[in-house]
Amino acid sequence: MAATTEAPEPWYLALLGFAEHFRTSSPPKIRLCVHCLQAVFQFKPPPRVEARTHLQLGSVLYRHTKNSELAQTHLEKAWFISQQISQFEDVKFEAASILSEFYCQQNLVDSAKPVLRKAIQISQQTPYWHCRLLFQLAQLHALEKDLVSACDLLGVGAEYARVMGSEYTRALFLLSKGMLLLMERKLNEVHPLLTLCGNIVENWQGNPIQKESLRVFFLVLQVTHYLDAGQVKSVKPCLKQLQQCIQTISTLHDDEILPTNPAALFHWLPKEHMCVLVYLVTVMHSMQAGYLEKAQKYTDKALMQLEKLKMLDSSPILSTFQVILLEHIIMCRLVTGHKATALQEISQVCQICQQSPRLFTNHAAQLHTLLGLYCISVNCMDNAEAQFTAALQMTTHQELWTFIVTNLASVYIREGNRHQELYSLLERINPDHNFPVSSHCLRAAAFYIRGLLSFFQGRYNEAKRFLRETLKMSNAEDLNRLTACSLVLLGHIFFVLGNHRESNNMVVPAMQLASKIPDMSVQLWSSALLKDLNKACGNTMDAHEAAQMHQNFSQQLLQDHIAACSLPEHNLISWTDGLPPVQFQPQNGPTTSLASLL
């Protein structure tokens, strides 16, 4: 084909047609597709065809084969040749984008950065690619935990989009920056940024789906910000708006008219992904608030939707959504007395994480934390301590760190002989002084832990002070589980002090709340107290009824305990380092005893 000829030669069209036919066959015939594309080079094509063919070959080899060396060679040639050709933006910047993505997958991040920087530098006259490459480099920095560089790039993108007259893309850049600032806990910068984003989103007039997707992004940030702060009551108006917003999106038809501004050719997430995300934040809220049946309902819906999506879509974000959903439902199961199911779901999370090193790195601390909570539920306190200790070494996330320390403190309190370690931990989560995080929920839990310790030490007045503080905080934000736990412990204290009437005033609402959650452990504890209370007051019938309830809860918990400890996955409690074990050896039988809650 002559270099000056603009119309493609018939041989080129034929080879390209065959290659595409083989690529889209069912199943794809990748080897034949590659042969057709390689045959192009036999005709000594001009630079434009040569560069485009290298890009096509590199993409096919990267996406569909394990021949990474050959994929790299073709992508590098496409990028090199296309830079020498003017008016060849699509091939040039697509080559840069895919080559950088390839480098990152091969853990060659330092090779990806200069490619993206050069492409950003020379793409300023091509708005779509300039914005896309800025997003890509910002994401790369974010994955490396260099959030400062990522935020700087997103700020550059927001200003560029403003200059190019795309308020929609400006909002995307600013919301992405807000998300990273939330991750960094730079709340002084987050609040004015979210206010600005809110104004841009409300004032922007454009494609209804794009507008609603910006609102979903904005509201998801607001909701997660409230949930991070443990404010499950304050978040309700935002969460309701978010749920209404996703309902609106689901009724809108995708507008096939593309934006006229090339800088606006982006979307945040597909509608189906947004739907799963809204289910996910609803589950997070329900779990924190103690509406565990509601959490279960939305988890089931979300997981069903995820299974359908994963059949057609290999996007890694779907696996992330699945892992976070499972992490939350596992905690719910441990509360509702379904330890065996929780353990099998922990094993499922392990299997998902094994398929993605990055997913495992990001969720290893959470996995060990969940195993620690499971160990507490089956009274394996040494293993619980080992799991929490492992988790602490793997996280830099302040809220998770505080959550782990709070639970480790409860382990030391139950063991009763770890005074030095316990006081060292309690100093670091002192709710009255320099509490490490702004989370309302975690601070309320820290007061509860202090109350629990004072109760075990027989310092009942001090225990009451701490527990009343927990009650005040948990009532303010509808933290039902903490309310139930505080009420039953206060009821126990009043019972020990001989104040049966006040004890009853605490235990009855504790039982009602625990039944509503439902929290099996608090129900067991409350029914035991009601039995003793009624016996002490001479209420024989009520005492008998409470004893029967206690017997039923005990049986359910014991059966679940035996079932969990008999599972081969129970051996996971010994795993504290490296990747989770793939194979599990069956247990001969339960090796732990069902401990009393006190």
Side-chain angles (χ1 to χ4, degrees), residues 1-3 5-85 88-109 111-112 115-116 119 129 132-133 136 140 270 307-319 351-359 582:
M1 185 164 76
T5 306
E6 292 196 9
E9 292 280 4
W11 58 263
Y12 177 59
L13 291 176
L15 286 170
L16 213 54
F18 277 126
E20 185 62 6
H21 167 73
F22 291 131
R23 188 185 71 83
T24 56
S25 296
S26 183
K29 297 171 181 174
I30 298 303
R31 191 169 60 84
L32 293 173
C33 171
V34 169
H35 281 327
C36 291
L37 291 171
Q38 283 173 331
V40 171
F41 300 124
Q42 302 299 317
F43 291 85
K44 307 253 184 303
R48 282 174 179 268
V49 172
E50 186 184 0
R52 191 183 294 278
T53 306
H54 279 303
L55 174 58
Q56 289 163 332
L57 267 168
S59 300
V60 167
L61 290 164
Y62 166 46
R63 309 265 189 226
H64 299 283
T65 76
K66 293 182 179 177
N67 195 338
S68 55
E69 201 172 313
L70 196 56
Q72 181 175 339
T73 301
H74 284 295
L75 290 170
E76 285 173 344
K77 283 181 179 176
W79 170 231
F80 177 74
I81 297 167
S82 62
Q83 286 178 78
Q84 324 303 319
I85 305 170
F88 204 41
E89 275 69 18
D90 275 2
V91 169
K92 187 185 304 180
F93 299 129
E94 188 173 348
S97 178
I98 296 174
L99 178 58
S100 302
E101 187 187 317
F102 169 83
Y103 281 146
C104 289
Q105 195 203 51
Q106 299 294 312
N107 290 321
L108 301 168
V109 174
S111 299
V115 173
L116 286 172
W129 277 108
R132 179 167 161 177
L133 293 162
Q136 191 172 345
L140 196 158
E307 286 307 312
K308 288 179 190 170
L309 289 173
K310 287 180 90 171
M311 289 164 73
L312 306 167
D313 184 348
S314 59
S315 174
I317 199 170
L318 297 179
S319 294
Q351 287 162 24
I352 297 166
C353 287
Q354 277 174 337
Q355 294 160 22
S356 165
R358 182 174 289 142
L359 202 56
V582 183

Under 3.5 Å: donor-acceptor pair, side chain of T73, backbone of E69 = yes

Would a distance-only check, ignoring hydrogens and angles, find a side-chain to backbone donor-acceptor pair under 3.5 Å from S82 to W79?
-> yes

Can Y103 and Q72 be said to form a side-chain contact (heavy atoms from CB on, under 4.5 Å), step by step?
-> CA-CA 8 Å; Y103 281 146; Q72 181 175 339; 3.9 Å; yes

Shortest non-hydrogen contact from [X] toward [Y]:
| X | Y | result |
| --- | --- | --- |
| W129 | S97 | CZ3-CB, 3.9 Å |
| L55 | A78 | N-CB, 3.6 Å |
| L61 | A71 | CB-CB, 3.7 Å |
| F102 | S68 | CZ-O, 3.2 Å |
| R52 | Y12 | CD-OH, 3.7 Å |
| A112 | L140 | CB-CD1, 3.8 Å |

Nearest 0.5 Å, what's the [atom1]-[atom2] distance between [X] and [Y]?
| X | Y | atom1 | atom2 | result |
| --- | --- | --- | --- | --- |
| S59 | I98 | OG | CD1 | 3.5 Å |
| W11 | L16 | CH2 | CG | 10.0 Å |
| I81 | T53 | CD1 | OG1 | 9.5 Å |
| S111 | L116 | OG | CG | 11.0 Å |
| I352 | L318 | CD1 | CG | 11.5 Å |

Contacts of H74 that satisfy ring-ring contact (aromatic ring centres under 6.0 Å, His included) - sequence neighbours left out | H54

Partner set under ring-ring contact (aromatic ring centres under 6.0 Å, His included) for F88, not counting sequence neighbours | none

Check salt bridge (Lys or Arg N to Asp or Glu O under 4.0 Å) between E101 and all other residues, then give those that pass, not counting sequence neighbours.
-> R63

Could you pull out all residues at least two apart from E20 that satisfy side chain to side chain contact (heavy atoms under 4.5 Å, CB included)?
-> R23, T24

State which residues pass side chain to side chain contact (heavy atoms under 4.5 Å, CB included) with F80; sequence neighbours excluded, sorted by chain then number.
-> Q84

In residues 25-40, what donor-acceptor pairs under 3.5 Å come from side-chain atoms, sequence neighbours left out?
from, atom 1, to, atom 2, distance (Å)
S25, OG, H21, O, 2.7

Could you go step by step and tell me if I85 and R48 meet the side-chain contact (heavy atoms from CB on, under 4.5 Å) rule?
-> CA-CA 7 Å; I85 305 170; R48 282 174 179 268; 3.8 Å; yes

Taking C-beta and beyond as the side chain, do F43 and L15 meet within less than 4.5 Å on heavy atoms?
-> yes

Are side-chain N/O atoms of S100 and Q136 paired as donor and acceptor at under 3.5 Å?
-> no

